[in-house]
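Working notes for the structure below.
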Amino acid sequence: MRIRPLHDRVLVKRLEETTKTAGGIIIPDTAKEKPSEGLVEAVGDGFRTDDGKIVPLNVKVGDKVLFGKWSGTEVKLNGEERLIIKEAEILGVVEE
C-alpha cells in the first residue's frame with residue numbers, strides 16, 4: 001500500500017534516536033521521546049493560491065527534515081508508523 005499526500009502535506013518516516021548517551025548509559029524504551037527528525041518519503045503537489053495557481057513544495061523525497069514534537073498526524077502504513085505533516089510544520093531541512 002502507498003500513500004500520496006494531498007496539497008501541501010508530506011509523508012515522513014521518523015528516524016530512530018540513539019539508544020545510548022555519550023557516557024555509554026543505555027536509555028530504556030520507556031524513557032525515550034519520539035524523534036523529531038525524519039526522512040521525507042512522499043510529497044503532495046503543492047498548495048493552491050487564491051488565483052488558482054499551484055505552488056510546489058520546498059521539500060522533496062529523500063530530504064532529512066526536523067519537525068515539532070507534536071506535529072502531524074500519525075498513520076500506520078504496512079504495519080509501520082508514519083507521519084503526515086503540513087509543510088508549514090516542518091522546521092527545517094538537514095543538509096549534510
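Residues take their numbers from the sequence shown, with the count starting at 1.
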Val61 and Ala42 have their tightest heavy-atom pair at CG2-CA, 3.9 Å

Would you sort out whether Arg14 and Phe67 count as a side chain to side chain contact (heavy atoms under 4.5 Å, CB included), showing the intermediate values?
CA-CA 10 Å; Arg14 287 185 195 265; Phe67 48 88; 3.7 Å; yes

Search all heavy atoms of Leu57 against all heavy atoms of His7 and return the closest pair with its distance.
CD1-O, 4.3 Å

Is there a side-chain contact between Pro5 and Val10 in this structure, where contact means two heavy atoms from C-beta onward sitting under 4.5 Å apart?
no

Pairwise distance CG(Asp45) to CG(Leu6) - rounded to 0.5 angstrom
8.0 Å

Nearest non-hydrogen partners of Val94 and Glu37, listed with the distance
CG2-OE2, 3.9 Å

Using every non-hydrogen atom in the two residues, find where Ser71 and Leu83 come nearest and quote the distance to one decimal.
O-CD2, 3.9 Å

Measuring from Asp8:CG to Arg48:CZ, what's the distance to the nearest 0.5 Å?
12.0 Å

Okay, side chain of Glu89, backbone of Gly72: is any donor-acceptor separation there less than 3.5 Å?
yes

How long is the span from the CD1 atom in Ile90 to the CG atom in Asn58, to the nearest 0.5 Å?
9.5 Å

Over all heavy atoms of both residues, which pair between Leu11 and Leu77 is shortest? Give the atoms and the distance, please.
CD2-CD2, 4.2 Å

Please indicate whether Asp50 has more than 12 foreign heavy atoms, meaning atoms of other residues, nucleotides or ligands, lying under 6.0 Å from its CG.
no

Using the salt bridge (charged side-chain N to carboxylate O under 4.0 Å, His left out) definition, which of the options Lys64, Arg4, Arg9, Arg82 pairs with Glu41?
Arg82

Is Val12 reachable from Val93 through a run of I, L, V, M, F, W or Y residues, each pair having side-chain heavy atoms under 4.5 Å apart?
yes

